[in-house]
Each structure stands twice: as C-alpha cells, then as structure tokens.
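Each remark here refers to the structure printed beneath this line.
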Amino acid sequence: MLKVKTPKNPRVKRALEKRAPKLVETGKKTLILQGTKTSNTLNDVLTELYLLKKGSAIRYTRKNENIRPFESGGETSLEFFSLKTDCSIFIYGSTSKKRPDNLVIGRTYDHHIYDLVEVGVENFKPLNSFIYDKKLAPRVGSKPFICFVGEGFESVEELKHLKEVLVDLLRGEVIENLNLAGLDHAYVCTAVSSNRVFFTHCALRLKKSGTIVPRMELVEVGPSMDFVVRRHRLPNESLRKEAMKTAKDQSKKKVKNVGQDAIQGKIGKIYIPDQKLGDMALPNKAKGVKRERREAKMKNNPTERASKKQKEESA
C-alpha cells in the first residue's frame with residue numbers, strides 16, 4: 001500500500017491539487033514500461049510509440065519484474081509509477097512463449113487501474129522502412145486525425161473497448177479551437193477481423209482541387225503494425241460512474257430587463273427618465289416666450305398683480 005502524506009505547506013498542497021482528478025480534464029500523459037523479457041521488435045515498437053507521443057510521454061527502459069497487470073497484486077508497481085509520474089495512460093511491453101510481442105494498454109483513474117486491453121504485435125514496419133518526402137514529416141505538437149474503418153468497432157465488444165483506449169492514447173490534449181494548418185497527420189485503424197486491427201500512421205498532403213478547399217492525400221510515413229486482441233478488462237460499474245462524472249451546467253446569470261418571447265425572440269426593456277421640457281434651452285427665442293414668462297410670473301405672484309391694479313385705480 002502507498003503511504004498517503006498530508007501536505008505541510010501551501011506549495012505542496014497546490015501540487016497535490018494539480019494532480020488530483022478533475023471534472024474537466026487536461027492533456028493526459030503516457031507512461032511506457034517494459035517487462036523482464038522483450039524482443040528487438042517490441043523494443044522498436046515501444047521506441048516509436050514514444051516518438052509519436054513525444055512531449056507528452058515518459059519512458060522507462062529498466063526491466064520490471066513485478067508488473068503483471070491482469071493478476072491481483074501485480075498492479076501495485078503500475079499504480080506507484082502512475083502516481084510518481086502523474087500519467088493516466090500506460091503501455092507495458094513484454095514477451096513470452098505463450099504471448100510473444102505483447103502490449104498491455106491501460107488507463108488509470110485517481111492513480112488506480114481503470115481498464116486494460118492486451119494486444120499482440122504482428123507485421124511491424126518501422127519508420128525507417130518508409131520512403132517519402134521528409135517535408136511531409138509530422139511536426140511535434142500538431143493535432144492528428146483518428147480514423148476507425150470497419151463495422152467491428154461498433155459491433156464487437158473487444159474492438160469497441162480498443163477504440164476507446166486508442167482514442168485516449170492518440171488524441172493528445174483536448175482543445176476547443178484548432179488551426180487547420182496544424183492538422184498534418186492521421187492515424188488509421190482498420191478492423192480486418194473480429195480480433196485483428198491494422199494500425200498505420202499517415203501524413204497529409206494538400207493538393208489543388210480547383211476550389212477553395214484543397215484535396216487531401218494520405219502518405220504512409222509509419223510505423224504500421226497489426227494489433228491482435230488477446231485479453232481485455234472493463235472497469236467495474238461503481239468506478240465507471242465515478243470516473244464519468246461531468247460538471248453540472250452552471251445556471252446563467254439573469255440579465256436585468258431582458259426577456260424571451262416565443263415569436264419575437266430576445267426582448268429588452270429600456271427605461272427613459274421623464275423629460276423636463278420647461279428646463280430645456282431653446283436655440284431661438286420666439287416672441288411668445290416673453291408673454292408666457294410674464295403670465296407665469298403673474299400667476300405665481302398674485303399680490304404683485306393686485307398692487308398694480310390698485311395703483312391704476314388711484315391714478
């Protein structure tokens with residue numbers, strides 16, 4: 001069991017909160033490990049998968065004896081490495097007489113094993129076996145297309161599970177806006193049979209099409225290989241529900257004096273203060289203005305009006 005330590009200062013607390021599970025996930029890092037026995041083919045596969053994930057992957061080349069993902073008790077070392085490196089996806093390579101060139105691809109939740117898919121690697125072709133224009137080589141950090149071809153990815157349980165894991169492994173960081181110039185390569189996965197998937201990596205070549213939208217061509221740049229599905233383990237229902245939690249939609253703040261109408265749509269109210277026309281300055285004084293002022297003055301001061309009448313009578 002891993003010893004849980006409580007944070008002793010704010011810096012450590014912030015670091016632990018950064019590693020904690022989040023409702024809105026950031027980019028996932030990949031951990032690449034190998035067992036006690038590996039073949040030259042499997043070493044090349046692990047190396048080239050690391051190159052494809054360069055920038056968001058960590059590789060350990062030391063042999064690990066105690067990692068047995070599908071056996072009880074063999075997950076402790078994997079969970080320790082996941083916690084140490086803060087990686088939520090791992091690839092573990094090993095070879096044996098019963099399962100040659102074996103890859104185990106898995107995901108973790110809160111640094112505990114979430115699900116596992118075991119595949120065998122066949123017909124591997126490395127990067128240096130492909131001849132193409134080096135200008136088409138994908139750039140580090142660019143976003144890929146991921147294509148899944150075949151009905152098996154919708155009907156076969158093992159392939160559906162493999163599809164979910166490969167999408168998490170290959171897509172990188174989830175973003176909202178994307179510049180099309182950054183899409184320069186594609187991963188193509190073809191379901192050949194109910195347990196075999198052909199995987200290849202292609203670059204995108206843009207050509208003239210006579211319209212604004214260019215025509216795209218796929219140029220195979222490698223690596224390519226066949227994945228033969230051997231074993232897989234789905235997450236239990238309680239862990240799945242906890243991992244699938246999403247953030248609740250925040251209620252929108254009510255905007256004052258704005259409403260909705262089924263016919264007119266958005267309606268707003270504008271309040272205008274009472275206009276005091278008597279205090280407004282007129283650009284041109286008319287002749288009737290003096291008379292109005294005189295009448296208003298007399299109306300407001302009736303005593304002055306009475307005194308004037310008395311003077312006229314006395315005279």
Side-chain angles (χ1 to χ4, degrees), residues 1-6 16 19-22 25 28-39 41-43 45-46 49-50 53 56-122 153 156-170 194-197 225-245:
M1 296 293 291
L2 296 175
K3 186 178 180 180
V4 179
K5 295 182 179 180
T6 56
L16 292 177
R19 289 190 171 199
K22 304 176 182 62
E25 293 181 342
K28 296 181 179 181
K29 293 195 297 184
T30 304
L31 175 65
I32 301 176
L33 302 164
Q34 62 188 50
T36 53
K37 292 183 180 180
T38 55
S39 62
T41 301
L42 193 60
N43 288 334
V45 170
L46 295 176
L49 288 175
Y50 172 72
K53 295 284 295 179
S56 61
I58 298 173
R59 187 186 177 191
Y60 289 162
T61 56
R62 182 176 293 180
K63 297 179 180 180
N64 298 279
E65 298 180 359
N66 301 323
I67 297 179
R68 293 179 293 275
F70 283 92
E71 298 179 14
S72 60
E75 304 173 347
T76 308
S77 296
L78 269 176
E79 292 174 353
F80 169 76
F81 285 125
S82 173
L83 179 62
K84 181 180 178 181
T85 59
D86 193 24
C87 293
S88 54
I89 304 175
F90 65 87
I91 301 174
Y92 174 70
S94 63
T95 188
S96 63
K97 186 177 180 180
K98 186 178 180 181
R99 295 185 178 90
D101 298 333
N102 195 58
L103 283 181
V104 178
I105 307 172
R107 297 179 289 182
T108 63
Y109 173 73
D110 196 13
H111 307 299
H112 296 288
I113 300 299
Y114 179 73
D115 60 352
L116 299 166
V117 176
E118 185 181 65
V119 295
V121 177
E122 296 181 1
F153 290 112
V156 181
E157 188 67 29
E158 291 83 355
L159 297 187
K160 286 171 66 177
H161 190 196
L162 179 63
K163 177 182 175 181
E164 292 180 6
V165 175
L166 288 178
V167 168
D168 260 0
L169 174 66
L170 300 174
S194 60
N195 68 335
R196 182 181 291 269
V197 174
M225 65 196 87
D226 286 344
F227 288 146
V228 181
V229 181
R230 291 172 177 165
R231 291 184 291 178
H232 76 115
R233 190 179 77 188
L234 295 171
N236 59 58
E237 195 62 29
S238 60
L239 184 61
R240 186 183 184 88
K241 284 183 180 180
E242 186 179 356
M244 291 295 178
K245 284 182 180 178

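Along the sequence shown, residues are numbered consecutively beginning with 1.
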Ring centre gap for F81 and F90 strictly below 6.0 Å: no

Partners meeting side chain to side chain donor-acceptor pair (under 3.5 Å) with R68 (sequence neighbours left out): E71

Contact check, side chains of I91 and L169, non-hydrogen atoms, under 4.5 Å: yes

Flag side-chain contact, heavy atom, 4.5 Å: P69 against I113: no

Pairwise side-chain contact, E157 with L234, heavy-atom cut-off 4.5 Å (strictly under): yes

Heavy-atom side-chain contact between D86 and H111 under 4.5 Å: yes

Heavy-atom donor-acceptor pair, N66 side chain to N64 backbone, under 3.5 Å: no

Close side-chain approach of L103 and L49, heavy atoms under 4.5 Å: yes

For R230, all residues meeting side chain to side chain donor-acceptor pair (under 3.5 Å), sequence neighbours excluded: N102

Verdict with reasoning, L78 to L33, per side chain to side chain contact (heavy atoms under 4.5 Å, CB included): CA-CA 9 Å; L78 269 176; L33 302 164; 3.6 Å; yes

Side chain Q34, main chain K63, donor-acceptor under 3.5 Å: no

Minimum side-chain heavy-atom gap R107-V165 below 4.5 Å: yes

K29 side-chain N/O to T85 backbone N/O, donor-acceptor pair under 3.5 Å: yes

Within-4.5 Å side-chain heavy-atom neighbours: L42 and D101: yes

Side chain to side chain donor-acceptor pair (under 3.5 Å) involving H232 - partner list, sequence neighbours excluded: H161

Any side-chain heavy-atom pair of L116 and Y92 under 4.5 Å: no

CD1-OG1 distance between I32 and T61, expressed to the nearest 0.5 angstrom: 11.5 Å

